[in-house]
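Counting convention: from 1, in listed order, for ligands and their atoms alike.
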Amino acid sequence: MENVVQKKRILSGIQPSGDLTLGSYLGAIKNWAALADEYDCYYMLADMHTITVRQVPADLRRHTLTQVAAYIASGLDPEKNVLFVQSHVPAHAQLGWVLDCYTMFGELSRMTQFKDKSAKNADNINAGLFTYPALMAADILLYQADLVPVGHDQKQHVEICRDIANRFNGIYGDVFKIPEPYIPQVGARVMSLTSPENKMSKSDRDQNGCVYMLEKPEDIMRKFKKAVTDSDACVRFDPAGKPGVSNLMQIYSVATGKSFETIEAEFDGRGYGDFKKAVGESVVELLRPIREETERLLADKAYLESVYRAGAEKASYVANRTVSKVYKKVGFLAR
Ligand code: TRP
């Protein structure tokens, strides 16, 4: 037993704030499935983060359950990965509060996402939206995670998490493992189909820019047919000069495993119409089995419940140990 090397631990999360996008699938979930053998993996549904923006309660519940099913359907085996819902593990709220008291107003004010989201939700700039990075730091530090797979937009939040952890450790000794961001290779960054300078996002106002993981094939095809390209009529990879075409090439490449050179050769002398149709079809076929499996799982509520219950139990076991340690360090009287 003694010479068994401890696997490194991974934690990541996605907010159940809507239907999962092709961007979250290609940029995150698809890659997660491959990590289970090498790492000890925890994947959270960050529902406590989601309520920083007003939600319709029934929708939040439905999105959360659907996301559990979609995680499993995407190949995240619940026997090999800990899949859990953040609000099922009270330790997140407990450590979140403590870390609020070790996070500075000034550093929170510098968070780009806070500035963006408060501009978008001017009528609801609540304290949770502001202190969100401290809760996210708690999410990560509770599990003593080594690596945090995130997109570029979350890198700043992992950095502030490291700052908070270092600050806390500086006062109380080695309590928290200092995590590293784990940014996927460039190929997986999926941009909007209608404004390819921006990340594909479910909060995009133009719904034609965003493809959903569980969307019907005919809707996926329609969106790809409408995708923005350029007037060169040439399929060539050049993200700065040809952002629309390059984004479609990236999607096609991840969906089919073909290299950019192969794709350029395949569409040499052919119009964008053919190209967009091929990309659409590759995405439809990539997502079809996942959609079908998600639907099958959603019909088996008892199974889904057993998955998130077991996940919450495993997650709580690890998280509660960290909370106990932290409570002792800060001087709370033991019960
Ligand atoms: N803030 C992340 C997002 O909006 C979601 C998230 C919450 C997260 N807690 C996390 C991601 C911990 C990684 C680790 O996308």
Visitor: How far is atom 12 (C) of ligand 1 from its nearest protein heavy atom, and which residue and atom is that?
Guide: L11 CD2, 3.6 Å

Visitor: Could you tell me whether ligand 1 has any atom less than 4.0 Å away from a heavy atom of H157?
Guide: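 So H157 does not count as touching ligand 1.
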
Visitor: Which residue and atom name correspond to the protein heavy atom nearest atom 5 (C) of ligand 1, and how close is it?
Guide: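 Scanning the protein heavy atoms, the shortest distance from atom 5 (C) of ligand 1 goes to G13 O, 3.5 Å.
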
Visitor: Provide the number and element of each atom of ligand 1 under 4.0 Å from a heavy atom of Q15.
Guide: 4 (O)

Visitor: Could D19 and K202 be called an ion pair, given the rule that one side-chain N must be under 4.0 Å from one carboxylate O?
Guide: no

Visitor: Can you name the atoms of ligand 1, numbered from 1 with element, that are less than 4.0 Å from a heavy atom of V148?
Guide: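 Once the distances to V148 are compared, the set is 13 (C), 14 (C).
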
Visitor: Please list, chain by chain and in numerical order, all residues satisfying ring-ring contact (aromatic ring centres under 6.0 Å, His included) with H157, sequence neighbours excluded.
Guide: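 Listed in chain order: Y132.
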
Visitor: Is a salt bridge present between E159 and R162, judged by a nitrogen-to-oxygen distance below 4.0 Å?
Guide: no

Visitor: Which of the numbered atoms in ligand 1 are under 4.0 angstrom from any heavy atom belonging to V150?
Guide: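 Atoms satisfying the 4.0 Å criterion: 13 (C).
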
Visitor: Show every donor-acceptor pair shorter than 3.5 Å between a side-chain atom in residues 328-335 and any protein atom, with sequence neighbours excluded, or say none if there are none.
Guide:
unit_1	atom_1	unit_2	atom_2	d
K329	NZ	Y172	O	3.3

Visitor: What atoms in ligand 1 come closer than 4.0 Å to a heavy atom of A46?
Guide: 7 (C)

Visitor: To check your reading of the model: name the closest protein heavy atom to atom 9 (N) of ligand 1, its residue, and the distance in Å.
Guide: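 Among all protein heavy atoms, the one nearest atom 9 (N) of ligand 1 is D139 OD2, 2.7 Å.
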
Visitor: Is Q86 close enough to touch ligand 1? Criterion: a residue heavy atom under 4.0 Å from a ligand atom.
Guide: no

Visitor: Compute the centroid of each ring, for F105 and then for F130, and state whether the two points are separated by less than 6.0 Å.
Guide: yes

Visitor: Set out, in order, the CA-CA distance, both residues' side-chain angles and the distance that settles side chain to side chain donor-acceptor pair (under 3.5 Å) for T64 and D47, then state yes or no.
Guide: CA-CA 7 Å; T64 307; D47 58 346; 5.2 Å; no

Visitor: Just by distance, no angles: are the side chains of T50 and Q55 close enough, under 3.5 Å, to form a donor-acceptor pair?
Guide: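 Short answer, no.
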
Visitor: Counting from 1, what ligand 1 atoms have a heavy atom of M44 closer than 4.0 Å?
Guide: 7 (C), 9 (N), 10 (C)

Visitor: What is the closest protein heavy atom to atom 15 (O) of ligand 1, and at what distance does it sit?
Guide: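 Answer for atom 15 (O) of ligand 1: Q154 NE2, 3.5 Å.
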
Visitor: Tell me, which protein residue and heavy-atom name are nearest atom 4 (O) of ligand 1, and how many Å apart are they?
Guide: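 I find the closest protein heavy atom is Y132 OH, 2.8 Å.
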
Visitor: Ignoring hydrogens and angles, tell me if any N or O in the side chain of S192 forms a donor-acceptor pair with the backbone of K199 under 3.5 Å.
Guide: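 No, the answer is negative, given that no donor and acceptor are paired below the 3.5 Å cut-off.
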
Visitor: Of all the atoms in ligand 1, which lie at a distance below 4.0 Å from a heavy atom belonging to S12?
Guide: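 Counting atoms of ligand 1 from 1, those under 4.0 Å from S12 are 13 (C).
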
Visitor: May I ask you to decide if the ring planes of W32 and Y43 are parallel, tilted or perpendicular, using 30° and 60° as cut-offs?
Guide: parallel

